[in-house]
Structure formats: structure tokens, C-alpha cells
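Structure first, commentary second.
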Amino acid sequence: MKRSFIFSAVILCSFTLFFGCTTADTQRPKYVFLFIGDGMGLAHVTLTENYLAAKDGIHGSGNVSFTSFPVVGLVTTYSANRMITCSSAAATAMATGYKTNNNMMGVSPDSTTNYTALTYPLHEAGYRIGIATSVSIDHATPGGFYAHSVSRNRYYEIGSQAAATGFAFFAGGGFIYPTGREGDQPDIYLQLADAGYRIVRGPEGAAQLTPEAGKTVLVQHEGKDQHALPYAIDRGDDDLTLPQITQAAIRMLDNPHGFFAMIEGGKIDWAGHSNDGATIIREVIDFSDAIAVAVEFYRRHPDETLILVTADHETGGLSVGRDGSYSLHPTAYDDRNHSITHPVTDEEQETVREIDKKARVAWTTRGHTGIMVPLYAIGPGSERFAGKLDNTEIPQRILELLK
């Protein structure tokens with residue numbers, strides 16, 4: 001396949017023209033966080049803030065860590081061939097600036113051209129790169145920032161591209177098929193080790209990480225589910241968490257030359273597919289807690305740190321309100337202390353539906369929707385992300401800022 005470096009010549013020329021128009025007083029960030037709440041629509045955020053307010057006995061809206069950011073935008077998410085995107089097509093757009101078809105990753109719709117994610121030119125320019133998620137490292141969103149595949153379901157093909165990147169930090173549940181679907185392929189963990197990566201596991205490993213560790217992959221303990229971290233509502237004390245991963249990422253990436261970190265809250269989407277309101281609330285709170293770690297870093301480096309928080313699409317068609325009632329009772333979700341199990345029994349499904357009715361919450365789909373998603377930003381250059389923009393503009397504007 002032909003290889004396209006960063007963007008086409010036309011796009012590069014437009015970047016050059018933009019640089020000439022950039023105001024001199026726009027400060028270039030040194031540290032960039034891109035947080036992606038997979039499947040997180042505005043309704044998911046609203047429901048969570050209503051829940052937090054109700055828990056505090058307040059009539060109104062509580063606050064998660066990112067909704068107080070001074071800049072807010074709206075992002076269109078359609079893919080090259082569908083008005084409703086999938087995660088791999090959305091990740092491709094947010095990583096490369098190009099649209100592709102649903103279920104494709106990092107390649108053109110006709111599969112003749114590999115698109116280059118912004119992580120690669122930033123890596124070549126001396127930025128340390130981190131890619132982290134609460135699902136598997138070879139899943140759709142993280143994969144879009146380092147891999148190319150005509151199918152997002154080729155997990156081994158995607159994961160086996162990580163070792164060659166040279167990026168400083170990867171983190172997540174693990175790899176779905178580290179030795180291929182049939183177990184007959186070279187082990188991805190051994191490929192990473194041969195490329196100089198250190199494999200570190202669990203919260204204890206995360207706590208011990210320092211930049212001196214070198215290139216690192218942080219995953220769950222052996223024997224735990226490698227597909228993803230547990231839902232926050234189901235988590236045990238020895239489970240790795242997204243806030244811990246974010247802390248580890250900062251320790252691993254912090255350096256005088258700067259860094260770029262993509263950190264995904266991947267299981268907001270999974271809970272949306274299950275129409276599981278109780279789990280969504282906990283996942284958004286957990287995602288917010290991870291962003292709060294980055295906000296602490298921002299407070300130490302306010303003139304050098306840009307934090308962007310957005311989503312790849314909305315999942316579930318969540319409605320905060322139902323049946324003509326003007327009331328909302330989100331604390332009804334406290335009746336649930338675990339996520340929906342699969343396969344779902346009729347009894348459990350009925351229990352969940354009754355809680356939704358009590359909470360006054362409804363759903364329109366178990367898939368994605370095509371509505372715009374929110375974007376929240378703080379730090380130097382954040383004003384570039386205000387208003388309405390397309391998901392392809394996110395990497396373009398990041399590169400424009402970093403020059």
C-alpha cells in the first residue's frame with residue numbers, strides 16, 4: 001500500500017498558510033492530553049452530574065472534573081461511509097485527520113493508503129508518546145493512534161504493530177490475542193520485550209514506574225481479563241484503574257521536550273451498548289477522576305499544558321427524562337452494585353428496566369448514534385477547539401499548535 005506521511009501535500013500546504021496567520025501571542029503547549037470517552041455523549045455527562053448533585057442533596061448539577069473547563073465545542077463524528085461512525089473510523093479521524101470507512105483503522109476507504117497518526121511526527125520531533133486505555137491496547141480507539149488495518153477485528157495484526165513504534169508508554173487491560181486467534185503466532189509481549197519494552201503489571205507496577213524504566217507497557221496482572229480493566233462498579237482492590245494509569249503515564253512521559261498522551265475511557269461505550277445506566281455513571285466518574293490527575297499536572301504547568309476531553313461518538317441514545325415526566329431520580333441507580341452480566345437473563349433485564357423507570361431515564365438503541373459530541377478544553381491553544389468542528393480537525397489543530 002502507498003504510504004501517506006501525516007497528511008496530503010494539499011493539507012500540508014494549508015497548514016503552512018495557517019502558521020503564517022497564527023497570532024504571535026498564541027503560546028505553544030509542551031504537554032498535550034487527549035482524553036477520549038468512548039461513547040460518551042452529552043447526556044452521559046449530564047446524567048452523571050445530576051447523579052452527583054442528587055447524592056449531595058442538591059437540586060441541579062454537580063461537577064465532574066472537566067465540565068468546568070473554559071472552552072467548550074461540539075464535534076461531528078460521521079465516518080467516510082456512514083452518518084453513524086464506529087470507534088475505529090472515529091479514532092482514525094481523530095488521530096490522522098482523515099475519514100475512513102466504519103470498521104477500518106488508519107487506512108483509506110479504498111485500503112490503498114496508510115494514514116499516519118499525529119503520534120508519529122510528534123515522536124520524530126522529540127515528544128514522548130503515551131497511548132492508554134481502560135480496554136485492550138489493540139482495541140479500536142488506541143489502535144487508531146498507532147496501527148493500520150483494513151479491519152478493526154484483526155486484533156493480533158493491530159497489537160503486533162505496537163513494538164515497532166518506539167513510543168514511550170502503552171497501557172490498558174492487555175492484548176486480546178497476544179499469540180493470535182489460534183495461538184500459533186509470535187507472542188506480542190515477546191515482540192515488545194525484544195524491542196526494548198518493559199512489561200509491568202497491576203497497580204503495584206504502576207506505582208513504581210519512573211522515566212528511568214524506559215519504554216514500558218502497563219497491563220493487568222496475569223490471570224485477569226486482558227480484554228479490559230473491570231468496570232469501576234465491579235472493581236477489586238488489586239485491579240488496575242484508569243486514574244492509576246494516568247498517574248503512571250505522567251511519570252513516564254514528563255520530560256523537558258514535552259509529550260502527547262491519548263487516554264481513553266473505553267468502557268463508557270460498553271455500558272452504553274448494554275443500556276446500563278448505573279455502570280455508565282460510575283465509568284464517567286472514573287474517567288473524570290483520571291482527567292483530574294491531568295488537571296493536577298496542568299496546575300503545576302498551566303502555561304504549557306493543553307487538556308482536551310471529547311468522545312468518538314455517543315452510544316445508547318440516552319435520554320435524561322422519559323414518559324412525559326419532568327422529574328429525574330438518578331440515585332435510583334444506587335440499587336445496582338454491579339454491571340449487567342452477559343448473557344443477560346430475563347430477570348436481570350426486567351430489574352434494569354424498572355430502575356430506569358424509577359430514575360426517569362430511557363434509551364433509543366443498543367448501538368451508536370450520530371449526534372455531535374462535546375469537547376472540553378483548557379490550557380494554551382484551547383480556544384482553537386471552541387465552537388463546532390469535525391473530528392478530523394482535532395489532530396490538525398493540535399499539529400498546528402505544536403508546529
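It should be emphasised that the depicted structure is a prediction, and the values quoted were computed from it without experimental measurement.
- Between D334 and R282, at least one side-chain nitrogen of the basic residue sits less than 4.0 Å from a carboxylate oxygen of the acidic one, meeting the salt-bridge criterion.
- In this structure, a donor-acceptor pair under 3.5 Å is present between the side chains of T315 and H313.
- A salt bridge is absent between E212 and R198: the closest approach of a Lys/Arg side-chain nitrogen to an acidic carboxylate oxygen does not fall below 4.0 angstrom.
- R397 places a side-chain N or O within 3.5 Å of a backbone atom of R384 that can act as its donor or acceptor partner.
- To the nearest 0.5 angstrom, M252 atom CE is 13.0 Å from I245 atom CD1.
- For the residue pair H342 and S274, a side-chain donor N or O sits within less than 3.5 Å of a side-chain acceptor on the partner.
- No side-chain N or O of D187 forms a donor-acceptor pair with one of T179 less than 3.5 Å apart.
- One finds no salt bridge joining K267 and D286 here, because no Lys/Arg side-chain nitrogen approaches an Asp/Glu carboxylate oxygen to under 4.0 Å.
- The backbone N or O of A271 sits nowhere less than 3.5 Å from a side-chain atom of E283 that would complete a donor-acceptor pair.
- The shortest distance between side-chain heavy atoms of T141 and M262 falls below 4.5 Å.
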Using the ring pair (Phe, Tyr, Trp, His ring centres under 6.0 Å) rule, take Y98 and Y115 through it: C-alpha gap first, then chi angles, then the decisive distance, then the call. CA-CA 7 Å; Y98 284 120; Y115 296 150; 4.2 Å; yes

With side-chain contact (heavy atoms from CB on, under 4.5 Å) as the test, would you mind laying out the steps for Y333 and I280 before giving the verdict? CA-CA 10 Å; Y333 285 117; I280 279 179; over 6 Å; no

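- How far CD1 of I158 is from CE of M105: 3.5 Å, rounded to the nearest 0.5 Å.
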As a quick check of understanding, evaluate side chain to side chain donor-acceptor pair (under 3.5 Å) for S87 and D38, giving each step before the final call. CA-CA 8 Å; S87 291; D38 198 312; 3.3 Å; yes

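- The aromatic rings of H368 and H273 lie tilted to each other, with the angle between the two planes from 30° to 60°.
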Walk me through it: do H301 and F297 pass the test ring pair (Phe, Tyr, Trp, His ring centres under 6.0 Å)? CA-CA 6 Å; H301 308 278; F297 181 87; 4.6 Å; yes

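- Interatomic distance, OG1 of T279 versus CD1 of I268, reported as 12.0 Å (0.5 Å rounding).
- D234 and S339 share a donor-acceptor pair across their side chains, judged by distance under 3.5 Å alone.
- Counting only N and O atoms by type, the side chains of R360 and S325 include a donor and acceptor under 3.5 Å apart.
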Show the numbers, then the answer: is there a side-chain contact (heavy atoms from CB on, under 4.5 Å) between V295 and R299? CA-CA 6 Å; V295 171; R299 287 173 179 159; 3.9 Å; yes

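- Between Y189 and F175, the ring-plane angle classifies as perpendicular under the 30° and 60° cut-offs.
- When only modelled atom types and interatomic distance are considered, S136 and Q226 share no side-chain donor-acceptor pair under 3.5 Å.
- Y156 contributes atom OH, which lies 11.0 Å from atom CD of Q161 (distance to the nearest 0.5 angstrom).
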Could you give me the CA-CA distance, side-chain angles and deciding distance for T133 and I263, then say whether side-chain contact (heavy atoms from CB on, under 4.5 Å) is met? CA-CA 5 Å; T133 179; I263 301 174; over 6 Å; no

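- With 3.5 Å as the limit, one finds no donor-acceptor pair spanning the side chains of D312 and T77.
- The aromatic rings of F167 and Y120 lie tilted to each other, with the angle between the two planes from 30° to 60°.
- Side-chain atoms of E348 and T341 form a donor-acceptor pair, as typed in the model, at a separation below 3.5 Å.
- In this structure, F33 has its ring center under 6.0 Å from that of F259.
- Without hydrogens or angle criteria, T241 side chain to Q244 main chain gives a donor-acceptor distance under 3.5 Å.
- Neither side chain, E157 nor H148, offers a donor N or O lying under 3.5 Å from an acceptor on the other.
- With respect to D239 and K224, a salt bridge is recorded, a charged nitrogen being found less than 4.0 Å from a carboxylate O.
- Results of the side-chain hydrogen bond (donor to acceptor under 3.5 Å, both in side chains) test with S79 over N102, N101, T100 single out N102 as the only residue that passes.
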Tell me, with the steps shown, if L52 and V64 meet side-chain contact (heavy atoms from CB on, under 4.5 Å). CA-CA 8 Å; L52 292 171; V64 293; 3.9 Å; yes

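- Of the residues listed (L306, I250, T305), the one engaging Y31 in a side chain to side chain contact (heavy atoms under 4.5 Å, CB included) is T305, and it is the only one.
- A salt bridge links E354 to K357: at least one charged side-chain nitrogen sits closer than 4.0 Å to a carboxylate oxygen.
- Counting only distance, with no hydrogens or angles, the side chain of D56 and the backbone of A54 share no donor-acceptor pair below 3.5 Å.
- Between W270 and H139, the angle of the ring planes lies from 30° to 60°, which puts this pair in the tilted group.
- Closest of all the heavy-atom pairs between A213 and L209 is CB-CD2, 4.1 Å.
- Atom CD1 of I394 and atom CG of L34 lie 6.5 Å apart (nearest 0.5 Å).
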Indicate every side-chain donor-acceptor pair of residues 369-382 with a distance under 3.5 Å to a residue at least two apart or in another chain.
unit_1, atom_1, unit_2, atom_2, d
T369, OG1, E314, OE1, 2.7
S382, OG, G379, O, 2.8

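- Within 6.0 Å of the CG atom in D184, the count of heavy atoms belonging to other residues, nucleotides or ligands exceeds 12.
- Under the 4.0 Å criterion applied to side-chain N and carboxylate O atoms, D390 and K99 are assigned as salt-bridge partners.
- A distance of 9.0 Å separates CE in M104 from OG in S151, rounded to the nearest 0.5 Å.
- Checked by atom type, the side-chain pair H227/D225 shows a donor-acceptor distance below 3.5 Å.
- Within a 6.0 Å radius of CZ in R235, more than 12 heavy atoms belonging to other residues, nucleotides or ligands are found.
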